[in-house]
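Structure first, commentary second.
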Amino acid sequence: TNSTAGSIANGYTPSTHPLGYDTNWDAALRLAYAQLQSHGAPALVVFITDGRPNYYVNPITLANVPGAPGSPGEVDSTNHAMAAVNQIYGLGDKIIGIGIGPFMTNPSPPSPIPNGTNHLHALLGNGPPVTAGGPFNPNNSNVIVSDNYSSLTSTMQGLAGSICPN
C-alpha cells in the first residue's frame, strides 16, 4: 500500500513490558517473511528491537528455543534469524533495523563494542550503523541505533522522510 511519512512514523506501539524479557529476532523476521510472501510490490521491513537475541525458532518443531547462555547464545540466535533475512532479501525487499535502548548501545564486557548493535549489523549488514538523529541514507546503511526510547518517533520520522521525501 502507499504510505505517507506520517503513517510510517506513527504506525508503531511501544511495548509496556519492563526490561529483561527474552528476544527472538528469528520469530519476528519469520513472521515478516510470511506476510511479505503474498505482497506483490517491493516492501520495506522496519525491524525495531530493544534487545540482543537470545531465542530462536526450532526449524522442525517451530518451538521457541533459548540460545546458549551469554554471548554464544546471542550469536547462535542471530545466525538462526539470518535465514529469514535472506528469504526477505530474496523477495527483493529491504530491511531497516532500529536498535533502541541500553541492550543495543551499552558494551557487554569484555568487549568495548555494544553487543546488540554488533548482532543487528551482522544480521542486516550494509554500511556502518548510524546514530539516531544523524543523517540517514538507506543506500549507505540499514542499521540505526539510539540509547533511548524517546528518540523513536523522531527516528521513524527521519527514516520516513529519507524514503518518502514528498
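- One finds the CG atom of Asn64 at 4.5 Å from the CG atom of Asn24 (value rounded to the nearest 0.5 Å).
- Both Leu120 and Tyr33 are assigned to one and the same hydrophobic cluster, defined by single-linkage of ILVMFWY side chains at heavy-atom distances under 4.5 Å.
- Of all non-hydrogen atoms in Pro42 and Gly92, the two that sit nearest each other are CB-O, 4.2 Å.
- Cluster membership check: Leu91 shares its hydrophobic cluster with Tyr89, using side-chain heavy-atom separations under 4.5 Å among Ile, Leu, Val, Met, Phe, Trp and Tyr.
- Hydrophobic clustering keeps Val57 apart from Val75 (ILVMFWY residues linked when any side-chain heavy atoms are closer than 4.5 Å, directly or through intermediates).
- In plain terms, the two heavy atoms of Val45 and Ala32 that are nearest each other are CG1-CB, 4.3 Å.
- Atom CG of Leu159 sits about 9.0 Å away from atom CD1 of Ile48, to the nearest 0.5 Å.
- Under the 4.5 Å side-chain heavy-atom criterion for Ile, Leu, Val, Met, Phe, Trp and Tyr, Leu29 and Met82 are members of the same hydrophobic cluster.
- Atom CG of Leu36 and atom OG of Ser38 lie 8.0 Å apart (nearest 0.5 Å).
- Side-chain atoms of Thr23 do not come within 3.5 Å of backbone N or O of Asn54 as any donor-acceptor pair.
- The distance from atom CG of Asp50 to atom CD1 of Ile100, rounded to the nearest 0.5 Å, is 8.5 Å.
- Considering Ile98, Val46, Val145 as possible partners of Thr155, the one that fulfils the side chain to side chain contact (heavy atoms under 4.5 Å, CB included) test is Ile98.
- Note on Ile144: it clusters hydrophobically with Tyr149, by side-chain heavy-atom contacts below 4.5 Å among ILVMFWY residues.
- Using a distance-only test at 3.5 Å, with no hydrogens or angles considered, a donor-acceptor pair links the side chain of Asn142 to the main chain of Ile95.
- Residue pairs meeting the salt bridge (Lys or Arg N to Asp or Glu O under 4.0 Å) criterion with at least one member in residues 23-38, sequence neighbours excluded: Asp26-Arg30.
- Aromatic ring orientation, His80 versus Tyr56: parallel (interplanar angle below 30°, classes split at 30° and 60°).
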